[in-house]
Amino acid sequence: MAVSDDDIFRRRLLIEGDGGGDDKRIASLLKTFFHWASESETKEENHAQYERMMKDLALCDCAAGKCLNVFKMNLKEQSNYEKLSKEIEQKISEATEKISECKNELQQAKRIRKNRQEYDALAKVIQQHPDRQETTKQLQVIDKEVTSLEEKKKSLEQKLGMRRKQFHVLIAAIHELQQILDADEIDDLKDDIMDTS
C-alpha cells in the first residue's frame with residue numbers, strides 16, 4: 001500500500017500539532033551550531049551552514065512567535081468566554097426572576113379569573129331576583145293588602161260579634177217563647193182536666 005506525501009504530512013501534523021517538533025528543531029540547531037563551531041570547513045561550507053542555522057533559527061523564532069500569539073489569543077478567548085459566561089449567568093438570573101414574576105402574575109390572573117367567575121355566578125343569581133325598587137313596590141302592595149285584610153277582619157269580627165249577640169237574643173226569645181208555650185199548654189191541660197172532672 002503506497003502512502004502519499006500528503007498522508008505523511010497530515011499524520012505528522014496530527015502527531016506533532018502546531019509548533020510540534022520545535023524541540024527537535026532547536027536540538028538539531030544546537031548540534032549544527034556545535035558542529036559548525038568546532039570544525040573548520042571551507043568558507044563556502046561555513047557560510048552555507050551559517051545560512052541553514054539562521055534559517056532554522058528564524059523558523060524557531062517564527063514558531064515561538066506563533067506560539068506566543070496563540071497563547072495571547074487563548075488568553076483573550078478565555079477572557080471573552082468568562083465575559084460571555086458572566087453575561088449568560090446574568091441573563092439566566094434575569095430570566096429566572098422574570099419567570100418568577102410571570103408565575104406570580106399567573107397566580108394573580110388565576111385568582112382574578114376565579115373571582116370574576118364567582119362574581120358572574122352571583123350576578124346571575126341576583127338577576128333572577130327583582131331589584132330593590134320593584135321589591136319595595138311589591139312590599140307596599142302587600143302591606144296595603146294586609147292592612148285591607150286586617151280592616152275586613154275587624155269588620156267581620158264586629159259583624160260576627162253583633163250576630164252572636166243577636167243569636168243570643170233570638171235564643172233567649174225562643175226559650176221564653178217555649179216557656180210561654182209550655183206554660184200555655186200546661187194551663188190548657190189543667191183547664192181540660194178541670195172541665196172533665
Side-chain angles (χ1 to χ4, degrees), residues 1-140:
M1 179 173 153
V3 180
S4 68
D5 289 340
D6 288 342
D7 291 335
I8 293 171
F9 286 129
R10 262 192 225 120
R11 241 186 252 149
R12 215 162 173 197
L13 285 173
L14 283 173
I15 293 169
E16 293 177 356
D18 285 344
D22 287 340
D23 295 339
K24 290 179 188 175
R25 201 174 290 135
I26 290 172
S28 171
L29 181 64
L30 281 173
K31 265 189 201 175
T32 307
F33 176 74
F34 289 130
H35 181 69
W36 176 72
S38 64
E39 290 186 17
S40 58
E41 296 176 356
T42 65
K43 196 172 185 180
E44 289 177 6
E45 287 178 356
N46 275 343
H47 186 64
Q49 205 167 11
Y50 173 77
E51 287 294 324
R52 209 173 318 131
M53 282 191 305
M54 291 308 285
K55 185 177 100 178
D56 286 344
L57 189 60
L59 284 173
C60 288
D61 189 41
C62 180
K66 187 177 176 184
C67 286
L68 183 64
N69 287 336
V70 168
F71 177 73
K72 287 179 182 178
M73 184 190 71
N74 285 340
L75 286 177
K76 282 184 182 178
E77 284 297 313
Q78 183 179 359
S79 174
N80 285 338
Y81 286 137
E82 287 173 0
K83 185 178 175 184
L84 280 174
S85 175
K86 286 179 183 176
E87 287 177 6
I88 289 170
E89 285 177 9
Q90 185 179 358
K91 286 181 181 178
I92 288 172
S93 175
E94 289 172 2
T96 305
E97 287 177 15
K98 194 166 187 178
I99 288 170
S100 177
E101 289 174 9
C102 288
K103 282 183 181 178
N104 291 337
E105 288 176 7
L106 179 65
Q107 290 297 326
Q108 188 174 2
K110 283 182 180 178
R111 194 168 37 252
I112 290 170
R113 182 176 176 211
K114 182 182 172 191
N115 289 343
R116 281 187 183 157
Q117 288 174 344
E118 289 176 3
Y119 294 152
D120 289 343
L122 285 174
K124 286 178 184 176
V125 170
I126 290 169
Q127 288 296 326
Q128 292 173 356
H129 298 288
D131 63 354
R132 181 175 281 187
Q133 291 175 347
E134 190 176 330
T135 305
T136 305
K137 286 179 185 176
Q138 288 177 352
L139 285 174
Q140 288 173 352

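- Counting non-hydrogen atoms of other residues, nucleotides and ligands closer than 6.0 Å to CD of Q133 gives a total of 12 or fewer.
- Legend: side-chain hydrogen bond (donor to acceptor under 3.5 Å, both in side chains) pairs involving residues 92-104, not counting sequence neighbours, sorted by first then second residue: Q90-E94.
- Note that CD of Q107 and CD1 of I112 are 11.5 Å apart. Values are rounded to the nearest 0.5 Å.
- Sorted by first and then second residue, the side-chain hydrogen bond (donor to acceptor under 3.5 Å, both in side chains) pairs with a member in residues 111-124 form an empty list; sequence neighbours excluded.
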Pairs of donor and acceptor atoms involving the side chains of residues 68-88, under 3.5 Å and at least two apart or interchain, shall be tabulated with distances.
from	atom 1	to	atom 2	distance (Å)
N69	ND2	G65	O	3.4
N74	ND2	V70	O	3.3

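- For E134, the side-chain contact (heavy atoms from CB on, under 4.5 Å) partners two or more places apart in sequence, or in a different chain, are P130, D131, Q138.
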